[in-house]
Amino acid sequence: MAEKKAKQQNSKLPEEFEVFGFANDLLAWYDAQKRDLPWRINRDPYRVWVSEIMLQQTRVETVKPYYQNFMEKFPTIEALADAPEEEVLKAWEGLGYYSRARNLQAAAREVKEQYNGIVPDTLEEISRLKGIGPYTAGAILSIAYEKAEPAVDGNVMRVFSRLLLMEDDIAKPATRVKFEQLVRQTIPDGRAGDFNQALMELGALVCLPRTPQCLTCPVFDYCLARKEGVQHDLPVKGKAKPPRPVDMLVAVIANGDQLLIRKRPEQGLLAGMWEYPMVEKAASRNEQDQLYDWLLERYGIEADIEQKLTRIEHTFSHLHWQLEVYWCEPIAMEELSFWPDQAKFVPFSQLSEYVFPVAHAKITEWLKNHGKQA
DNA sequence: TATACGTGGTT
DNA sequence: TAACCAAGTAT
């Protein structure tokens, strides 16, 4: 019982840690050095919200152009709520983690209908919105509403690991909770938003993962890891599993100036996106034979599987695709009223109207570069 | 708790 | 160059 209670108890800052001085010095640095970013023009909750979703696991420089475009197309919560999902996905094309876009729109609809179009300002309510987890909830509440909530991301965990010389594995979910307890105790009155952003800014500009710039660090004096000279050994982070290799056979099938594409399932990897038909390569089988049989069975298309066009490699966090791309010359097609997967022939010039994942966009690019289609 | 979920930049 | 990393969330 005593042990359980101890486990639930909040982690405490070290007695000697100078909270006030730390926050003050960090904020002074932030005020002077913060970057001009498109989402820092004001603190509008919707603008903050969109930026935080886009920035999840995504670099600032990558997000910038997407953010500008997104805010032009969907300037308000209502505009986003009322837009066709396809348009939202199109604006997200190439950014990755596409469920973010679907969840963001679903949440915008929820805010429009249940909250009169106003992003809720309580942890309870905002956390119920799709796509808003502990980090994003804290970020929006602190930045847009000046609530004293922590926003603990990878930067903050790295900064605090070093600052307080903590060896907890930041890859474990429980560690984030511990950091939230600690950060909460350092948030200065009235400047929660700036403080959270300052911690992240420090991680992004100074307290770098491999090469911490301690000599220019505004909180050099407070850093326990630096005092011990172990800043390069922190944070501790368990190794991720390597991506699993998956070999796919891709069929590029032309009918005049049209190409056959299909829609991926609404759940799972690259949900709802369009792609060239493909099948996972069988372990021990001739590629051409397998593709020939598969096209006939699944789409009723008898095709001459010609020379392999190219090999495209694409790595996800958890998968490594090797796409063997074949040019397939149709010999005969069954008269079907519809095909599985919503498959259909689309003129090459109209492919851009469909949302493709990068791996398949690479194929389109290859076709263009090799004069396969005008 | 561990895994699924994208993509591109950095060392 | 092969990791490693980036303003995480859902299940």
Looking only at the side chain of [X] (C-beta and beyond, no hydrogens), which of the listed nucleotides [options] gets closest?
{"X": "A:His318", "options": "B:dC5, C:dC5, B:dG6", "result": "B:dC5"}
{"X": "A:Thr136", "options": "C:dG8, C:dA7, B:dG6", "result": "C:dG8"}
{"X": "A:Ala174", "options": "C:dA6, B:dT1, C:dA7", "result": "B:dT1"}
{"X": "A:Gln57", "options": "B:dG8, C:dG8, C:dA7", "result": "C:dG8"}
{"X": "A:Phe316", "options": "B:dC5, B:dA2, B:dT7", "result": "B:dT7"}
{"X": "A:Pro209", "options": "C:dC5, C:dA10, C:dA7", "result": "C:dC5"}

Indicate, with a heavy-atom threshold strictly under 4.0 Å, whether [X] touches base, sugar-phosphate, or nothing.
{"X": "A:Trp321", "value": "nothing"}
{"X": "A:Gly203", "value": "nothing"}
{"X": "A:Leu37", "value": "base"}
{"X": "A:Pro357", "value": "sugar-phosphate"}
{"X": "A:Leu270", "value": "sugar-phosphate"}

Does one side chain, of [X] or [Y], offer a donor that lies under 3.5 Å from an acceptor on the other?
{"X": "A:Glu302", "Y": "A:Tyr292", "result": "yes"}
{"X": "A:Thr364", "Y": "A:Tyr276", "result": "yes"}
{"X": "A:His314", "Y": "A:Lys362", "result": "yes"}
{"X": "A:Asn103", "Y": "A:Arg100", "result": "no"}
{"X": "A:Glu324", "Y": "A:Gln322", "result": "yes"}
{"X": "A:Asp44", "Y": "A:Asn42", "result": "no"}

Are [X] and [N] close enough that a side-chain N or O sits under 4.0 Å from OP1 or OP2?
{"X": "A:Gln56", "N": "C:dG8", "value": "no"}
{"X": "A:Tyr98", "N": "B:dT7", "value": "yes"}
{"X": "A:Lys239", "N": "C:dC4", "value": "yes"}
{"X": "A:Lys241", "N": "B:dT3", "value": "yes"}
{"X": "A:His314", "N": "B:dT7", "value": "yes"}
{"X": "A:Arg158", "N": "C:dA6", "value": "yes"}

Between A:Leu129 and A:Glu52, name the one whose nearest nucleotide on DNA chain C is closer to the 5' end.
A:Glu52

5' priority, DNA chain C, between A:Gly131 and A:Val60 [closest heavy atom]
A:Val60

Let's see if you get this right: which residues in residues 137-154 of chain A place a heavy atom under 4.0 Å from DNA chain C?
A:Asp153, A:Gly154

First of A:Arg100 and A:Pro173 reached from the 5' end of DNA chain B, by closest nucleotide
A:Pro173

Rounded off to whole Å, could you give me the [atom1]-to-[atom2] distance for the [X] and [N] pair?
{"X": "A:Met54", "N": "C:dG8", "atom1": "CE", "atom2": "P", "answer": "15 Å"}
{"X": "A:Arg43", "N": "C:dA7", "atom1": "CZ", "atom2": "P", "answer": "19 Å"}
{"X": "A:Leu269", "N": "C:dA10", "atom1": "CG", "atom2": "P", "answer": "18 Å"}
{"X": "A:Leu205", "N": "C:dA6", "atom1": "CG", "atom2": "P", "answer": "13 Å"}
{"X": "A:Arg128", "N": "C:dA10", "atom1": "CZ", "atom2": "P", "answer": "14 Å"}
{"X": "A:Leu55", "N": "B:dT7", "atom1": "CG", "atom2": "P", "answer": "17 Å"}
{"X": "A:Leu95", "N": "C:dT9", "atom1": "CG", "atom2": "C1'", "answer": "16 Å"}
{"X": "A:Arg264", "N": "B:dC5", "atom1": "CZ", "atom2": "C1'", "answer": "12 Å"}

Considering only the [atom1] atoms, how many Å lie between [N] and [M], rounded to the nearest integer?
{"N": "B:dC5", "M": "C:dA6", "atom1": "P", "answer": "22 Å"}
{"N": "B:dT3", "M": "C:dA7", "atom1": "C1'", "answer": "22 Å"}
{"N": "C:dA3", "M": "B:dG6", "atom1": "P", "answer": "23 Å"}

Counting only distance, no hydrogens or angles, is the base of [N] paired donor-acceptor with the side chain of [X] under 3.5 Å?
{"X": "A:Tyr135", "N": "C:dG8", "value": "no"}
{"X": "A:Ser317", "N": "B:dG6", "value": "yes"}
{"X": "A:Arg210", "N": "C:dC5", "value": "no"}
{"X": "A:Thr58", "N": "B:dG6", "value": "yes"}

Can a cation-pi geometry be assigned to A:Lys344 and A:Trp339, taking NZ or CZ under 6.0 Å from the six-membered ring centre and within 45° of the ring axis?
no

Under 3.5 Å, which donor-acceptor pairs link side chains of residues 250-267 of chain A to any protein atom two or more places apart or in another chain?
unit_1	atom_1	unit_2	atom_2	d
A:Arg262	NE	A:Glu275	OE2	2.9
A:Arg262	NH1	A:Tyr299	OH	3.1
A:Arg262	NH1	A:Asp341	OD2	3.4
A:Arg262	NH2	A:Glu275	OE2	3.0
A:Arg262	NH2	A:Met278	O	3.0
A:Lys263	NZ	A:Glu266	OE2	2.7
A:Lys263	NZ	A:Gly272	O	3.2
A:Arg264	NE	A:Leu269	O	3.0
A:Arg264	NH1	A:Glu275	OE1	2.8
A:Arg264	NH2	A:Leu269	O	3.1
A:Glu266	OE1	A:Arg102	NH1	3.3

NZ of A:Lys130: more than 12 outside heavy atoms within 6.0 angstrom?
no

A:Phe70 side, atom CZ; A:Leu95 side, atom CG - distance, nearest 0.5 Å
9.5 Å

